[in-house]
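First the structure, in the form of structure tokens, and then the observations on it.
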Amino acid sequence: MHDAFFYIFAILTVFCAVMVVANPVSRSPITSAMFLVLTITCMAALFVQLHAFFLAAVQILVYAGAVMVLFLFVIMLLDLKEEERRRIKAVSAGLGTLAVGSILFLIIKSTLQFGQAGAIPPHTEGSTASLGKLLFSNYVLPFEILSLLLLVAMVGVILLSKKDLK
Amino acid sequence: MFQTIFNTISSWSPLTQFTFWSAIKVFGVFGVAMTIVAYAVLAERKISAFIQDRVGPNRVSLPLIGSIPFLGPLLTRWGIWQPLADGVKSFIKEDFTPSYVRKAYYWLAPAITFVPALVVIAVIPFGSYIGNQKMVIADLDVGILYSFGIISLGVYGIVLAGYASNSKYPFLGGIRSSAQLISYEIAMGMSVVPIFLVTQQLNLSAIVEYQAQYGWFALPFCARELTPLSFMIWPFALISFFIFLVSGFAETNRLPFDLPESETELVAGYNTEYSSIKFALFFMGEYANIIAGAGMMVTLFLGGWSVPGLSDAAIAKTHIAVGVAHILIFLFKVFFLIAIVIWVRWMFPRFRYDQLMDLGWRRFIPVALANILIVAVIVWAVTTFSNETKPALAHSAYQVNK
């Protein structure tokens with residue numbers, strides 16, 4: 001049953017991801033954004049199957065719940081009529097297929113070459129407490145650097161959005 | 001009799017048992033939640049009538065009910081059948097779809113608004129035990145993160161309703177709501193962090209058990225085992241509770257924060273173009289959200305199913321009556337909070353949009369951050385300087401039991 005769930009959600013993830021960029025029915029950016037939300041949700045389901053409950057919850061909370069809402073907000077305000085009318089150009093479609101195809105080739109090649117990963121580690125790594133302990137012990141420096149990066153970005157946005165600098 | 005039923009059930013395979021109990025809980029909780037939704041609407045109308053010195057709904061009744069001896073006259077008063085009449089009315093009204101709407105999203109939006117509220121209720125522990133069954137549909141290890149995640153998905157319903165309607169006022173309502181919900185989610189999420197610093201758990205059942213033992217966070221007076229820590233964090237827990245409560249109003253689009261549908265400016269906001277049962281879904285979604293929010297608040301701050309003198313989950317395992325009492329206590333607390341939410345709606349005027357944003361970003365978020373810091377220092381000081389080890393619930397009991 002576990003396998004069945006994996007395949008269901010894996011197929012759904014790929015399907016939704018394809019629909020984000022190549023939707024045959026609608027060219028509306030809102031539809032693409034909504035399919036991206038579905039992709040993120042399906043990925044959260046895949047995390048749940050790896051027993052990474054914290055990651056799954058945060059994936060939905062941050063990406064589906066906050067980032068994508070902001071995306072939607074911006075798309076709605078921009079009112080992108082032009083995007084809906086634009087056709088898919090043969091050249092760009094070809095180049096895109098080429099790029100995705102080569103990445104796919106690399107993944108398949110490396111999987112075949114190195115085989116599957118070793119024994120799946122016990123499930124405890126995904127729990128919130130152990131993740132928190134790791135973040136504040138082994139990975140405290142990258143963690144702090146990342147938060148500094150976000151702070152810099154935030155200050156930058158405030159600076160840019162100020163009309164008159166004193 | 002119960003014993004024979006339990007024995008029959010426990011002879012099934014674990015998976016069958018799990019499915020059986022889950023199905024019972026899902027249907028039970030869904031039925032009760034929908035009934036509360038229906039009667040919350042009636043309560044809203046009755047309370048508003050009381051506040052505005054009116055009578056409120058008092059006429060609707062089924063035929064022949066009035067002729068039942070003794071009970072009959074009671075059942076025809078107070079508008080007890082009003083929710084039924086409202087429900088039937090919304091179903092048989094014409095479902096008009098304007099020609100200019102974006103059809104797919106127009107159909108999806110009411111459902112997307114309604115479903116998250118019900119999904120949040122799944123992780124709320126509504127009782128302790130009945131028999132060996134924990135009275136919660138999904139006892140998730142990351143319970144609270146899950147519910148915040150789902151709550152944050154609820155905004156899509158309103159935003160898409162605004163977009164799908166393809167006309168001005170719903171669009172403005174949708175835009176307002178997305179900004180409002182994101183802002184208050186941050187304050188809401190931060191306000192509960194002190195609770196987790198103290199309990200060291202994200203699991204909602206574990207948080208209720210902690211409160212049953214060491215005192216409710218909002219009222220730490222009667223518990224099995226009061227510690228100095230309970231009182232040291234009390235003022236900060238109250239600040240958390242206040243921020244959570246007010247953010248809850250903003251998250252459910254209730255007055256004084258109902259800017260997305262403020263009828264004086266936006267006709268009816270995001271649901272202007274909706275009629276019939278689709279409108280009713282938005283309407284019921286609002287009340288389902290209130291119930292989910294009230295359930296969260298009861299769980300996080302008011303001790304869930306626990307009450308002084310009856311706060312031992314172990315007794316409920318052997319005495320079914322105690323387990324049922326716990327569920328009733330939980331429901332009573334939820335009703336109390338719903339009554340407060342309704343009362344507030346009719347007592348306070350609407351905020352202006354800039355005041356709303358100011359309150360969220362410049363008052364609540366800094367206060368919540370300071371709150372986290374202070375509680376963290378207190379918890380650290382208590383664990384470092386006191387001899388007794390910190391009251392940590394048996395961690396192992398709540399780890400993922402696979």
Side-chain angles (χ1 to χ4, degrees), chain A residues 1-2 23 25-26 28-31 33-38 40-41 44-45 47-81 84 122-133 136 154 158, chain B residues 15 102-105 108-109 112 116 119 123 138-160 162-164 166 170-172 174-183 185-186 188-189 196-197 200-203 251 392 395-396 398-402:
Chain A
M1 197 155 85
H2 202 265
N23 190 335
V25 185
S26 157
S28 151
I30 297 271
T31 312
M34 289 317 289
F35 270 111
L36 194 52
V37 173
L38 281 180
I40 290 164
T41 317
F47 280 135
V48 167
Q49 282 166 4
L50 293 171
H51 293 263
F53 297 111
F54 179 77
L55 267 186
V58 167
Q59 173 98 354
I60 288 189
L61 181 62
V62 174
Y63 286 102
V67 175
M68 285 315 294
V69 174
L70 280 180
F71 270 40
L72 213 59
F73 189 79
V74 172
I75 296 173
M76 277 167 69
L77 282 180
L78 288 181
D79 195 24
L80 303 166
K81 288 266 158 36
E84 291 183 36
H123 296 135
T124 43
E125 273 87 342
S127 94
T128 317
S130 49
L131 198 71
K133 280 195 182 107
F136 283 100
M154 216 145 58
I158 292 171
Chain B
L15 187 66
R102 297 178 168 95
K103 290 263 168 20
Y105 293 125
L108 268 177
I112 300 179
V119 182
V123 289
D139 194 26
L140 287 188
D141 218 24
V142 287
I144 184 74
L145 283 175
Y146 163 88
S147 36
F148 275 120
I150 301 296
I151 290 170
S152 65
L153 292 183
V155 64
Y156 283 112
I158 295 175
V159 175
L160 284 180
Y163 170 74
N166 204 9
F171 186 75
L172 286 172
I175 293 284
R176 277 187 179 188
S177 98
S178 58
Q180 172 178 332
L181 264 67
I182 289 181
S183 311
E185 248 161 47
I186 300 171
M188 203 180 200
F196 306 120
L197 287 176
Q200 303 189 326
Q201 292 282 343
L202 289 176
N203 181 304
E251 289 283 310
H395 264 277
S396 51
Y398 288 99
Q399 292 302 333
V400 199
N401 29 6
K402 285 283 125 45

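Chain A is the first sequence line, chain B the second, and so forth, proteins listed ahead of strands; every chain is numbered from 1.
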- Item | CZ on A/Phe53 to CG on B/Leu145, rounded to 0.5 Å |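 Interatomic distance, B/Leu145 CG to A/Phe53 CZ, rounded to 0.5 Å: 12.5 Å.
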Distance-only donor-acceptor pairs under 3.5 Å for side chains of residues 149-160 of chain B, two or more places apart:
from: B/Ser152; atom 1: OG; to: B/Phe148; atom 2: O; distance (Å): 3.4
from: B/Ser152; atom 1: OG; to: B/Gly149; atom 2: O; distance (Å): 2.5
from: B/Tyr156; atom 1: OH; to: A/Ala64; atom 2: O; distance (Å): 2.4

Under 4.5 Å from any heavy atom of chain B, what part of [X] do you find: side chain, backbone, both or neither?
{"X": "A/Met34", "result": "side chain"}
{"X": "A/Val62", "result": "neither"}
{"X": "A/Thr41", "result": "neither"}

- Closest heavy-atom contact between A/Phe73 and B/Ser178?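 Where A/Phe73 meets B/Ser178 most closely, the heavy atoms are CD1-OG, 2.8 Å.
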- Counting heavy atoms not belonging to B/Phe196, are there more than 12 under 6.0 Å from its CZ?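 Yes, because the 6.0 Å sphere around CZ of B/Phe196 holds more than 12 heavy atoms from other groups.
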Which region of [X], side chain (C-beta onward) or backbone (N, CA, C, O), has a non-hydrogen atom less than 4.5 Å from a non-hydrogen atom of chain A, or is it both or neither?
{"X": "B/Ile182", "result": "side chain"}
{"X": "B/Ile175", "result": "both"}
{"X": "B/Ala104", "result": "neither"}

- Task: Taking the side chain as every heavy atom from C-beta outward, state whether B/Tyr105 and A/Ile30 have any pair of such atoms under 4.5 Å apart.
- Result: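 When only atoms from C-beta onward are counted, A/Ile30 and B/Tyr105 do touch, with a gap below 4.5 Å.
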- Task: Identify, with sequence neighbours excluded, every residue that meets side chain to side chain contact (heavy atoms under 4.5 Å, CB included) alongside A/Tyr63.
- Result: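 Expected list: A/Ile40, A/Gln59, A/Val67.
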